[in-house]
Colleague: 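Mind having a look at this structure? Questions to follow.
Proteins get letters first, then strands, A, B, ... in listed order; numbering begins at 1 in each.
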Amino acid sequence: MARDAASVCNDLGVPHYTVNMTEEFEEEVIVPFVRDYASGRTPNPCITCNRTMKFGHLLRKAREIGAEYVATGHYVRAAGCQDDTMVDTFVNPVAGSGRTYLLRGKDKSKDQTYALYGLTQDMLSHSMFPLGNLTKHDVREMARKVGFSTADRPDSQEICFVTSSGYRAFLANRGVHPEPGPIFDTSGRQVGKHSGLPFYTVGQRKGLGLESGTAMYVVALDVTRNALLVGTREEAYSTGCQVKVLNLIAVQSMDGPVTGTCMVRYRGKETAAQMRPCGMGTALGVEATVDFQTPQFAVTPGQALVFYQGDLVYGGGVIARSSSMQDLLPGNQK
RNA sequence: UGGGGCGUAGCCAAGCGGUAAGGCAUCAGCCUUUGGAGCUGACAUUCGCAGGUCCGAAUCCUGCCGCCCCAG
């Protein structure tokens, strides 16, 4: 990776710096990642990394060397408002005089706004997304033409800091040694045993090893009983959820219910929804409640809910609990 | 031990004389800047065991073993 970057910078005649942020990464990405899993949630470390590393520490470093913006290869667009029209801040950086918006990238299949919903106004107004108006295909084409060594580097990767042995092994190495416990179906019958709650996630199907005539999915993790709750695919759908640590991008504050669409997971399909703010003093620090127009599969605590209005990212937050869990986890989630 | 039923892959299960459906689970690949999901492919030389009938049986007959149900 670092090699590739250096090589491309060299081709471009751009100075290349290396800064060591392993300490920060450990504290701000990995530690919370492990803590979340250990508490029965399913975190998305990429979202944390974007907010703390790429647009946090990296932007800070950039400013130290006199750079005003950070440019990344995310497939998203940022825009400022001039008069009444939005102006792409990459095309016209000075446009960000008022609020800076985050919009889906042109390549909808590659859109990464979900992973950037946590950025602040300061971060967004000092970011450039040159790939926002291109498709992945275009980008590779351009890279090939210019002769970048990275032109054909494969897309995929899993959690960057987790090896091929998988996140479960990673957690174990990090001292997560949970107690095995029972697996219950939605009628309360014990149907099996689990090897430790952190090793499962809502919506999971594989690895349960249940002897059932039909496919079973994890419906919820019951931390207080150290039990895994499973059900049929239908039983894993939710009509809504509660969201905390809300980060609003399109507006300063949410005064009432808003309508739009939302996504409940990275690369998920969006669904029409309504989001309304919760008053003060809500349990769990819940800040908003979202109702889906059509039930969503495997709405998972710890994952992000990102709310959209058209291509615009309205804001997002962390899923605290889904509606279907209300019945299954009688008031226990602390 | 009088009557009835059933034993097909780890689990569920079709087939009832013509040469082993399907589903779950499992494994592999694809997909993918999170976890999952999804998609594709693989997966019983063999039908509780032993004989017999037949050109041919998981399917018919006999015996044995193991379960279940109803009566005593």
Colleague: If you measure from the C1' atom in B:rG10 to the same atom in B:rG63, how many Å do you get, rounded?
Modeller: 31 Å
Colleague: Within the 4.0 Å heavy-atom criterion, would you say A:Thr214 contacts the bases, only the backbone, or no part of the nucleic acid?
Modeller: sugar-phosphate
Colleague: State which residues pass side-chain hydrogen bond (donor to acceptor under 3.5 Å, both in side chains) with A:Thr135; sequence neighbours excluded, sorted by chain then number.
Modeller: A:Asp138
Colleague: Expressed in whole Å, how much space separates the C1' atoms belonging to B:rC43 and B:rU26?
Modeller: 9 Å
Colleague: Do A:Phe25 and A:Phe161 have their ring centres less than 6.0 Å from each other?
Modeller: yes
Colleague: How would you list, by chain and number, every residue that makes a salt bridge (charged side-chain N to carboxylate O under 4.0 Å, His left out) with A:Arg265, sequence neighbours excluded?
Modeller: none
Colleague: Going by side-chain hydrogen bond (donor to acceptor under 3.5 Å, both in side chains), name the residues that satisfy it together with A:Arg41, two or more places apart in sequence or in a different chain.
Modeller: A:Asp36
Colleague: Give me the atom names and distance for the closest heavy-atom approach of A:Pro301 to A:Arg321.
Modeller: CG-CA, 4.3 Å
Colleague: Suppose we define a pair by two distances each less than 3.5 Å, Watson-Crick or G-U wobble; what does B:rG72 pair with here?
Modeller: none
Colleague: Run the salt bridge (charged side-chain N to carboxylate O under 4.0 Å, His left out) test against A:Arg60 and tell me which residues pass, sequence neighbours left out.
Modeller: A:Glu64
Colleague: Under the side-chain hydrogen bond (donor to acceptor under 3.5 Å, both in side chains) test, which residues partner A:Tyr200, sequence neighbours left out?
Modeller: A:Ser195
Colleague: Pick base, sugar-phosphate or nothing for A:Pro45, based on heavy-atom distances below 4.0 Å to the nucleic acid.
Modeller: sugar-phosphate
Colleague: Expressed in whole Å, how much space separates the C1' atoms belonging to B:rG48 and B:rA9?
Modeller: 14 Å
Colleague: Look at all strands and tell whether A:Lys110 reaches a base, only sugar-phosphate, or nothing, counting heavy atoms closer than 4.0 Å.
Modeller: sugar-phosphate
Colleague: According to side-chain hydrogen bond (donor to acceptor under 3.5 Å, both in side chains), who are the partners of A:Arg35, at least two apart in sequence or on a separate chain?
Modeller: none
Colleague: Taking only residues at least two apart or on different chains, which pairs with a member in residues 15-28 of chain A satisfy salt bridge (Lys or Arg N to Asp or Glu O under 4.0 Å)?
Modeller: A:Glu26-A:Arg174
Colleague: Taking any strand in view, what nucleotide pairs with B:rA9 in a Watson-Crick or G-U wobble way, both distances under 3.5 Å?
Modeller: none
Colleague: In the structure shown, which nucleotide is the Watson-Crick or G-U wobble counterpart of B:rG51, with both distances under 3.5 Å?
Modeller: B:rC61
Colleague: Excluding sequence neighbours, so at least two apart, what forms side-chain contact (heavy atoms from CB on, under 4.5 Å) with A:Thr72?
Modeller: A:Phe55, A:Val70, A:His74, A:Phe129
Colleague: Taking the C1' atom in each of B:rC49 and B:rC67, what is the distance between them to the nearest angstrom?
Modeller: 15 Å
Colleague: Determine whether the side chains of A:Ser187 and A:Asp185 contain a donor N or O and an acceptor N or O closer than 3.5 Å.
Modeller: yes
Colleague: Check every strand shown and say whether A:Phe33 touches a base, only sugar-phosphate, or nothing at a heavy-atom separation below 4.0 Å.
Modeller: nothing
Colleague: Go through residues 46-54 of chain A and report each residue with a non-hydrogen atom lying under 4.0 Å from RNA chain B, sorted by number.
Modeller: A:Cys46, A:Asn50, A:Lys54
Colleague: Under 4.0 angstrom, heavy atoms only, what part of the nucleic acid is A:Gly192 near: base, sugar-phosphate, or nothing?
Modeller: nothing
Colleague: What does the B/S/- profile of nucleotides 36-43 of chain B look like, 5' to 3', with a 4.0 Å heavy-atom cutoff to protein?
Modeller: BSS-----
Colleague: Strictly under 3.5 Å: I want the nitrogen or oxygen pairs between protein and nucleotides 7-9 of chain B, one per line.
Modeller:
none

Colleague: Run the salt bridge (charged side-chain N to carboxylate O under 4.0 Å, His left out) test against A:Arg276 and tell me which residues pass, sequence neighbours left out.
Modeller: A:Asp291
